[in-house]
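Quick notes on the structure that follows.
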Amino acid sequence: MSRIELPKAYDASKTEDSIYKSWEESGFFNPDSLKNTKDYFSIAMPPPNATGVLHTGHATMLAIQDLMTRYNRMSGKKTLWLPGTDHASIATQTKVEKIMAKENLTRHQLGRDKFLERVDEFVEDSRNTIKNQVRKMGSSCDWSRERFTLDEGLNKAVVTAFEKMYTDGLIYRGDRVVNWCPRCHSTLADDEVEYKEQQAKMYTFKYHKDFPFTIATTRPETKLGDTAVAVNPKDERYKKYIGQEFDVDFVGVSLKLKIIADRNVDMEFGTGALGVTPAHSHVDYQMAIENKLPIVKVIDKDGNIEVGFGEFSGQSVIAAREAVVEKLKNQGLLEKEEDIKNNLSICYRCGTAIEPLPSLQWFVAVDKPFKLKDKSKLKWDKDEATLKELSIHVIKNNLIKIVPERFEKTYFHWMENLHDWCISRQIWYGHQIPVWYRDQEISVGQSQPASDSWTQDEDTLDTWFSSALWTFSTLGWPEETDDLHNFHPTSVMETGYDILFFWVARMIIMSVYCLNDIPFETVYLHGLVRDENGVKMSKSLDNAIDPLDMIEKYGTDALRLSMLIGVTPGNDFKLYDDKVESYRNFVNKLWNISRYVLTSVEEVKLVDQLPGAKTLADKWILSRLSQTIEGVNKNMASYNFSLAGESLQQFTRDEFADWYLEIAKVEKNKDEILLYILQNILKLWHPFIPFITEELWQNFTSDKLLMIEKWPEAEFKIDEKSITDIKRIQDLIVNIRNLRSENKVEPAKKVAVTVIVGENEILVNNESAVIKNLARCESLTVMASGEKPVNNVGTVTTDGLEIYLDLTGIIDTVAETERINKDIIETEKYIASLKAKLANEEFAANAPEVVVNGEKEKLKTAEEKLAKLQNQLNNLK
RNA sequence: GCACGCUUAGCUCAGUUGGUUAGAGCAUCUCGUUUACACCGAGGGGGUCGGGGGUUCGAAUCCCUCAGCGUGCACCA
């Protein structure tokens with residue numbers, strides 16, 4: 001008799017926190033406490049924003065990374081998953097400024113030092129929130145190594161990297177047209193700029209009545225700073241003017257305009273002539289450099305017109321635009337005003353329109369060669385390389401593999417078009433640029449030079465500069481630590497594909513430079529989580545699912561499964577209640593399988609040794625376990641986590657629970673095998689659903705944790721004869737099923753099958769239960785050769801066996817008609833409900849277009865189905 | 001404009017170098033079950049795998065083409 005009593009249903013909320021506590025206290029999250037020696041495995045956790053809260057994107061990454069971590073730990077590797085948080089400079093600063101705004105305080109009133117103190121306080125408070133939420137997901141990361149992008153060690157890494165690059169000439173200060181956000185008062189990297197389509201006006205005008213031709217623009221106010229007009233060298237209309245200079249009075253501002261030729265000018269667009277504003281357009285700036293044109297600044301850092309432009313000075317960009325247009329109109333110079341659609345550049349943080357502005361910034365040169373200290377790790381044969389070359393090289397030569405592979409193409413495209421990376425940001429929170437100035441002197445380093453009167457650069461570094469060092473700065477670099485030696489390059493970088501460029505590419509750049517090595521061997525990119533209607537989750541739409549709600553409702557394990565199974569790398573997936581609920585049901589199934597085994601066996605114990613297989617059913621289930629283990633291993637190695645999970649699910653439910661457990665109810669003495677299989681199932685499931693498996697494991701032993709158990713091996717080798725026998729039984733079952741369907745046996749109707757045993761002995765050995773279960777027969781009679789059942793309707797012979805089918809009922813057209821009619825009624829109901837929904841005014845007014853289209857699509861398919869059903873009905877008649 | 005991806009059951013999605021009768025979950029229907037599990041079981045219906053063409057003994061899978069949808073990048077004077 002068993003002494004174990006388990007509740008009927010698994011209650012995740014009662015167990016998860018205490019299980020996590022016991023893991024954390026065990027110290028096994030720390031690889032130093034593992035006896036594993038086989039190999040090293042490491043993942044650097046993409047650091048969530050220190051002031052953020054857990055969202056579904058975090059939950060996804062944590063589920064996948066914990067899966068890999070636990071799998072590798074159990075497989076015997078010294079496994080490190082290093083957690084941390086990111087200071088997220090702009091996001092955090094904005095957050096604190098917003099809070100201060102409620103007290104009518106600005107950062108400038110507070111001053112830099114006081115303001116930073118305040119930010120630090122805020123970060124310190126909220127950092128624990130996200131850390132505890134990471135724990136909720138069951139993350140088995142080593143908290144003793146936790147890092148923060150602004151902590152002392154990382155700060156040192158940042159300065160070291162900066163200094164090294166500066167010395168090598170890869171970091172330089174220069175005047176460039178940068179993307180300026182007048183609201184954030186900071187520059188943005190090219191990839192931080194987003195585009196929004198909008199209605200704009202295109203104005204066609206002459207600078208002055210004496211100027212020979214017209215130009216077109218959407219931004220007349222910037223024309224105050226024009227220093228040239230560019231035309232296509234092939235353009236017959238303007239050829240004769242090229243090289244000429246014109247002094248014009250443009251709405252009261254005098255301009256000196258040179259006519260230049262540039263083959264990038266589109267003759268078809270506008271008038272084919274383009275006013276060149278070097279200070280406020282990237283393209284025009286390039287032209288100005290090439291043609292040595294003067295650069296005139298028109299717009300200041302607040303988005304207003306600079307001094308020196310008469311009446312326009314001080315006006316906002318929009319006001320100045322209207323004023324300029326008004327004046328042109330009055331002077332009769334405005335030829336045309338038309339509505340067009342164009343893409344407005346906006347700030348990805350605040351949505352404000354970007355102003356291209358020339359300013360003094362720090363850059364990382366991506367096309368400048370530098371000397372490599374070590375060429376071996378990167379398999380690079382020259383002494384010199386540029387950052388761009390090396391970053392492309394490591395992917396092209398498979399030193400780093402991207403999963404899914406197709407993102408390699410996007411990566412190359414991006415890398416090949418990469419411009420120098422602007423790394424200075426005009427905000428306070430972050431790594432202040434480690435550069436000091438005194439008169440004409442510059443000093444770069446960890447701290448201010450000893451003497452006085454040096455002032456540090458006011459700007460801070462782009463957040464991604466410090467994150468780019470993440471894989472190695474967290475392991476102690478620039479010191480030559482054991483951790484760095486053991487765990488770098490990290491095994492996998494797991495993150496969303498949306499930050500492939502922001503982050504992944506920059507980690508590669510910085511790692512090949514700082515270490516002359518790759519930062520990771522594989523990049524695994526997961527998709528983004530979307531809501532039920534396929535819309536990206538966001539706060540403003542209020543469609544976000546809170547992972548913590550899901551955990552509370554269905555348990556962490558269920559949430560993890562819904563993010564691991566049915567999901568493929570690089571593809572977005574939808575998350576919704578029903579899905580999580582069904583995985584909760586599966587988790588509960590596993591609970592009840594265990595409950596049955598635990599309460600039915602004579603003695604609950606660990607079965608380490610492969611038990612002997614007595615019957616064919618035993619051999620079958622043991623061989624299926626071995627196959628499952630091999631399949632899981634293969635799929636884990638190839639990052640097909642979903643397939644690994646699916647095969648486990650199939651084995652657990654369809655084979656072990658639905659079939660073998662049923663057999664075990666009939667055939668006794670299977671305790672050893674039941675325990676053996678169950679224990680292996682728990683191990684196999686552990687990386688996916690750590691909580692429930694650990695909880696169940698504690699029924700077998702109280703002093704060992706499942707999280708460090710040895711990963712199962714496929715030990716059962718099935719003999720040839722059994723394979724043949726199983727094959728025969730399978731054939732037999734297929735035949736019985738075919739017989740049923742050929743004779744149109746309604747599935748619910750009882751069916752008696754009689755098998756006449758001829759020469760074949762496979763049924764003699766009490767295997768009839770196996771067949772009965774697999775063929776889903778109500779009864780199975782084994783008769784001696786020569787006899788014959790009475791109500792036989794069908795016969796099939798296989799392998800010396802004669803199979804007869806006894807039926808108590810055959811499907812008829814009346815029943816079929818009835819069923820189709822019912823289906824029709826259901827479909828009609830469904831169509832009616834869809835129509836009602838679409839007709840609903842409130843729905844029509846509020847639902848996003850995607851949703852409405854989705855409903856219409858549903859209606860269409862439902863109507864098609866209805867037509868089909870009616871067709872079928874007619875055919876029956 | 002360039003590139004990439006997606007299109008498989010009513011819905012959400014799997015489907016690993018081409019290979020038995022294309023799978024799962026949800027929904028729906030039928031039958032059953034309350035001593036492992038109603039957070040349950042058995043089963044049914046529902047798919048010309050977006051359309052067309054090609055390669056092959058064999059295509060959801062490979063190639064071409066068209067359509068719809070989505071994403072990224074670039075340009076927008």
Side-chain angles (χ1 to χ4, degrees), chain A residues 6 8-10 190-191 195 200 202 215-219 222-223 229-230 264-266 269-277 281 283-284 340-344 404 406-407 409-410 413-414 417 497-498 500-501 528 532 534 554 558 562 565-568 570-576 578-579 581-600 631 634-635 638 640 642-643 645-646 649-650 657-658 661-662 665 734 738 746-749 776 811 815-816 818-820 822-823 825-827 829-831 834 850 853-854 857-859 861-862 864-865 868-869 872:
Chain A
L6 295 174
K8 273 187 149 186
Y10 170 60
D190 290 345
D191 47 11
Y195 298 92
M202 168 86 95
I215 63 156
T217 182
T218 52
R219 302 202 54 189
T222 64
K223 302 291 108 184
V229 173
N264 291 319
V265 176
D266 183 352
F269 196 95
T271 63
L274 145 72
V276 181
T277 320
S281 152
V283 190
D284 295 8
I340 58 153
K341 266 187 186 163
N342 79 344
N343 276 333
L344 183 68
R406 66 182 145 91
F407 280 99
K409 277 189 190 165
T410 346
H413 184 252
W414 186 82
N417 294 304
Y497 67 79
D498 54 331
L500 179 63
F501 306 135
L528 310 180
E532 216 165 339
Y554 305 112
S562 64
I565 299 183
V567 175
T568 40
N571 292 322
D572 295 351
F573 66 98
K574 297 177 187 178
L575 186 73
Y576 45 91
D578 273 0
K579 201 173 193 170
E581 190 183 355
S582 79
Y583 284 113
R584 188 273 315 266
N585 293 352
F586 177 76
V587 167
N588 193 58
K589 179 90 187 169
L590 183 59
W591 177 263
N592 276 293
I593 290 168
S594 312
R595 189 159 83 101
Y596 175 72
V597 172
L598 284 163
T599 51
S600 69
K634 199 187 105 199
N635 285 321
S638 56
N640 289 310
S642 176
L643 289 178
E646 265 176 62
Q649 219 180 342
Q650 204 202 330
D658 294 349
L661 282 191
E662 294 306 317
K665 285 176 184 172
V734 168
N738 285 344
E746 214 179 330
K749 291 274 161 68
R776 318 260 187 239
I811 224 161
E816 189 72 7
E818 216 174 286
R819 194 168 36 238
I820 293 176
K822 273 183 184 167
D823 210 352
I825 292 168
E826 282 310 312
T827 313
K829 261 197 260 173
Y830 182 60
I831 289 174
L834 286 173
V850 216
N853 287 339
E857 192 60 31
K858 281 180 198 169
L859 184 62
T861 37
E864 278 167 12
K865 184 188 172 181
K868 248 177 216 173
L869 285 172
Q872 281 176 2

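Naming: A, B, ... by sequence-line order, numbering from 1 per chain.
S638(A) comes within contact range of no nucleotide atom at all, as no heavy-atom separation falls under 4.0 Å. Using a 4.0 Å heavy-atom cutoff across all strands shown, S594(A) reaches no nucleic acid atom at all. Nucleic acid contact for A657(A): base, since at least one base atom lies under 4.0 Å from a heavy atom of the residue.
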Restricting to nitrogen or oxygen on both sides, can you table the protein-nucleotides 17-19 of chain B pairs closer than 3.5 Å?
none

Do any N or O atoms of the protein come closer than 3.5 Å to N or O atoms of nucleotides 13-15 of chain B, and which pairs are they?
{"from": "rC13(B)", "atom 1": "O2'", "to": "G566(A)", "atom 2": "O", "distance (Å)": "2.8"}
{"from": "rA14(B)", "atom 1": "OP1", "to": "T568(A)", "atom 2": "OG1", "distance (Å)": "2.7"}
{"from": "rA14(B)", "atom 1": "O2'", "to": "E646(A)", "atom 2": "OE2", "distance (Å)": "2.6"}

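Residue K409(A) places no side-chain N or O under 4.0 Å from the OP1 or OP2 atom of rG5(B).
In this entry the distance linking CG of D658(A) with P of rC40(B) reads 12 Å, nearest Å. Atom pair L590(A):CG and rC37(B):P shows a separation of 15 Å (rounding to whole Å applied). Going from atom CH2 of W414(A) over to atom P of rG72(B) covers 15 Å, rounded to whole Å. Atom pair R406(A):CZ and rC4(B):C1' shows a separation of 7 Å (rounding to whole Å applied). Computed from coordinates, the H413(A) NE2 to rG1(B) C1' distance equals 11 Å when rounded to whole Å. At whole-Å resolution of the value, CG in L528(A) and P in rC6(B) are 15 Å apart. One atom, CZ of F586(A), and another, P of rC39(B), lie 17 Å apart when rounded to the nearest Å. Between the CD atom of E581(A) and the C1' atom of rC40(B) there is a distance of 14 Å, rounded to whole Å.
Between atom CZ of residue F501(A) and atom NE2 of residue H413(A) there is a gap of 9.0 Å, rounded to the nearest 0.5 Å. Rounding to the nearest 0.5 angstrom, the gap separating the CG atom in N571(A) from the OG atom in S642(A) is 11.0 Å. How far CD of Q650(A) is from CG of L643(A): 11.5 Å, rounded to the nearest 0.5 Å. In this structure, the separation between NZ on K223(A) and CD1 on I215(A) is 5.0 Å, given to the nearest 0.5 Å. A distance of 4.5 Å separates CG in D572(A) from CG in L528(A), rounded to the nearest 0.5 Å.
Shown here are the side chain to side chain contact (heavy atoms under 4.5 Å, CB included) partners of A200(A), two or more places apart in sequence or in another chain: Q198(A), I340(A), N342(A). Y596(A) meets the ring pair (Phe, Tyr, Trp, His ring centres under 6.0 Å) test with no other residue; sequence neighbours excluded. By the ring pair (Phe, Tyr, Trp, His ring centres under 6.0 Å) test, Y497(A) is found to be paired with F407(A), residues two or more places apart in sequence or in another chain being considered.
Taking for each of Y497(A) and M202(A) the nucleotide of RNA chain B with the nearest heavy atom, the 5'-most of the two is the partner of Y497(A).
Annotation for T222(A) and T277(A): closest pair O-CG2, 3.2 Å, computed over non-hydrogen atoms. G272(A) and V265(A) make their closest contact through O-CG1, 3.5 Å (heavy atoms, listed as atom of the first residue, atom of the second, distance). For S562(A) against V567(A), the heavy-atom pair with the smallest separation is O-CG2, 4.0 Å. Between R406(A) and G570(A), the shortest heavy-atom contact is NH2-O, 3.5 Å.
Of the candidate nucleotides rG25(B), rA36(B), rC73(B), rA36(B) has the atom nearest to the side chain of I593(A). When distances are taken from the side chain of K634(A) to each of rG72(B), rU16(B), rC39(B), the shortest belongs to rU16(B). Of the candidates rU16(B), rC37(B), rG25(B), the closest approach to any side-chain atom of N592(A) belongs to rC37(B).
Interface remark: the R595(A) side chain does not form any donor-acceptor pair with the rC37(B) base, using a distance-only criterion of under 3.5 Å. Contact of K8(A) with rC37(B) (side chain to base): no donor-acceptor pair of N or O atoms is detected under 3.5 Å.
When the C1' atom is compared between rG15(B) and rA9(B), the two are found 14 Å apart, to the nearest whole Å. Nucleotides rA59(B) and rG51(B) have their P atoms positioned 15 Å apart, rounded to a whole Å. To the nearest whole angstrom, the two P atoms, one in rU34(B) and one in rG50(B), are 45 Å apart. Comparing the same atom, C1', in rC66(B) and in rA27(B) gives a spacing of 34 Å after rounding to whole Å. Rounded to the nearest Å, the gap between the P atom of rC49(B) and that of rU8(B) is 11 Å. Using atom C1' as the reference point in both rU55(B) and rC40(B), the two lie 49 Å apart (nearest Å). Taking atom C1' in both rU61(B) and rG18(B), the straight-line distance is 6 Å, to the nearest Å. Nucleotides rG52(B) and rA42(B) are separated by 43 Å at their C1' atoms, to the nearest Å.
Although no hydrogens or angles enter the test, the distance criterion places a donor-acceptor pair under 3.5 Å between the side chain of T599(A) and the main chain of R595(A).
Here the side chains of L6(A) and N592(A) are not in contact, with every heavy-atom distance at 4.5 Å or above.
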So what's the dot-bracket for RNA chain B: Watson-Crick or G-U pairs under 3.5 Å, [ ] if a pair crosses, | if it pairs off-strand?
(((((((..((((.....[...)))).((((((....).))))).....(((((..]....))))))))))))....
